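Predicted model only: the values in this text are computed from it and were never measured. Within every chain, numbering begins at 1; the chains are lettered A, B, ... in the order of the sequence lines, protein sequences first and strands thereafter.
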Amino acid sequence: MRLSRYFLPVLKETPADATVASHRYMLRAGMIKQNSAGIYTWLPLGHRVLKKIEQIVREEQNKAGAIEMLMPTIQSADLWRETGRYDAYGPEMLRITDRHDREMLFGPTNEDMITDVFRSFVRSYKDLPKMLYHIQWKFRDETRPRFGVMRGREFLMKDTYSFDLTKEDAVKSYNKMFTAYLNTFARLGIKAVPMKADTGPIGGDLSHEFVILAESGESEVFCHRDLVEMAPPGDVDFEGDLSHIFDERTSLYAATEEMHDAEEFAKIPKDKQLSARGIEVGHIFYFGDKYSAPMKATVMDSNGKPQNVMMGSYGIGVSRLVGGIIEACHDENGIVWPKSVAPFGVGIINLNMKDEACGVAATDFYEKCVEAGLDPLYDDSPDRGGVKFSRMDLIGLPYQIVIGPRGLKEGIVEVKDRATGERQNLSPEAAMNLLVEAFA
RNA sequence: CGGGGCGUAGCGCAGCCUGGUAGCGCACCUGUUUUGGGAACAGGGGGUCGCAAGUUCGAAUCUUGCCGCCCCGACCA
């Protein structure tokens, strides 16, 4: 993409409303625009990141055997009455009346609806297990939206629902998602720690939150230090036994504030005790027949007897992750994107648009990057060097290629690694090789 | 939902206390000179001062009501 043809409204000054780093940088980098409290437009740069995260989440869900579908944002109140949640959910649910005075709502989650879908079609235990998911916008009318997209009212969430005949089988599904989540967050370039969690209003008795450690986190969390650096499971057989992965993580202490047990925590060696602020980016629940029972979602077992299906639900805050990743990956100059989610792979800076040789070299490098699939952003604006440098640092692409008249005379371009700040002077060919290898 | 704060040009702010018809920096437009870490000079455009009512000869400024947004807390993906 050529910057001159793109839509990248960066801000030089920090908007007064933004107090946390990710919110400030998202506004300044032209990723989002606030429309009202907790509701945002995703501008082109932000949209790219959102879609990249979404795609990684999708791929890891598919690997784990979950099947993608799409349910609507608007739901009928009737379904929620069946489970008693229409009254239980409270003012956080946005209630709407249609022209026929029918009560509708903008879905804050989809347990009720997916249970309805399931019971409409599935009759036999032979169809189990099943894991279904969608990636859809949710609305929760928070009393106090804040921190930009990290606590919006409208947000994009991946929610998976598992259906099994028995609790024992449901725990296997739970472990699949537990494992998939570890891989997902690792691919996103962040360290998310699974922590024993309160089940909240969704209910159930087995639940973990996946938490990124960051100073701006909303809640306090406690865990064993080793959990933070533990390598992800990587390629595993999702049809095989995954309990060792679950056991390995859960044998070390990790809990959110509500579930914190100071006595247990104290048993950890002092140098391994970690208490920090955390951002919840994923949450998984097992809740048995909480919804299948009232909604009569049953399948025939091998004896021909109807059984309530045992369910779990598994959420990842896709839009929240954009902010969460920035909280974990930024410096004083701006965002430092992990390669996997960066909006563009490499930024090319032409230091002097009026210098003909410079233009030829930069355009040539740009076109080669396109061919190599590096997804480059070419700053072909007439701005001065300083403006281009600081803008490129702000939007945080993993690599910057600086092409200027001075270097070209020596036959070199400068390659800057955004994360380390390290710069190398290389021939264009060597620079290209470096980039291709970096993204291989 | 309790407590606090803010709303004046696209962004960041001053002016309000003490009423007299709106200003600064950045951004934007034109021109010239510049061009390796947010250039300089000259000229220019842009605001019914959140909305409504009231007080007054006169309201950004005083009064009342409403709306919007932010921060702390409680609540939550």
_G-U wobble or Watson-Crick pairing nucleotide for B:A39 (cut-off 3.5 Å, both distances)_ = B:U33
_Aromatic ring proximity, centroids under 6.0 angstrom, A:F210 and A:F178_ = yes
*Just how far, in rounded Å, is P of B:A9 from CG of A:L11?*
16 Å
*asked:* For nucleotides 23-34 of chain B, give me one character per nucleotide, 5' to 3': B if any protein heavy atom sits under 4.0 Å from the base, S if the only such contacts are to the sugar-phosphate, - if neither.
replied: --BB-------B
*Look through every strand shown and name the nucleotide pairing with B:U61 as Watson-Crick or G-U wobble, where both distances are under 3.5 Å.*
none
*asked:* Only pairs with both distances under 3.5 Å count, Watson-Crick or wobble alike; so what is the partner of B:G46 in this structure?
replied: none
*Partner nucleotide, any strand, of B:G25 [Watson-Crick/G-U, under 3.5 Å]*: B:C11
*Determine, for nucleotides 67-74 of chain B in 5'-to-3' order, which nucleotides have protein heavy atoms under 4.0 Å from the base (write B), from only the sugar-phosphate (write S), or from neither (write -).*
--SSBBBB
*ring-ring contact (aromatic ring centres under 6.0 Å, His included): which pairs involve residues 316-349 of chain A, sequence neighbours left out?*
A:Y6-A:F344, A:Y25-A:H330
*B:G73 pairs with which nucleotide, Watson-Crick or G-U wobble, both distances below 3.5 Å?*
B:C1
*Examine A:H47 together with A:F7 and report whether their ring centres are nearer than 6.0 Å.*
no
*Quantified in whole Å, what is the P atom distance between nucleotide B:U34 and nucleotide B:C51?*
47 Å
*Select from A:N333 and A:M150 the residue whose nearest nucleotide in RNA chain B is closer to the 5' end of that strand.*
A:N333
*Got a donor-acceptor contact below 3.5 angstrom from the A:H134 side chain to the A:M71 backbone?*
yes
_Interface residues of residues 337-350 of chain A with RNA chain B (non-hydrogen, below 4.0 angstrom)_ = none
*asked:* Applying ring-ring contact (aromatic ring centres under 6.0 Å, His included) as the test, list every pair that has at least one member in residues 376-398 of chain A; sequence neighbours left out.
replied: A:Y366-A:Y378
_Whole-Å distance separating the CG atom of A:D379 from the P atom of B:G36_ = 15 Å
*Mind checking the P distance from B:A52 to B:C57? Whole angstroms is fine.*
22 Å
*How far does the P atom of B:A53 sit from the matching atom of B:G58, given to the nearest Å?*
15 Å
*Partner nucleotide of B:C17 by Watson-Crick or wobble geometry (both distances under 3.5 Å)*: none
*Which pairs count as salt bridge (charged side-chain N to carboxylate O under 4.0 Å, His left out) when at least one residue sits in residues 389-410 of chain A, sequence neighbours excluded?*
A:D379-A:R391, A:D383-A:R391, A:D393-A:K416, A:D393-A:R418
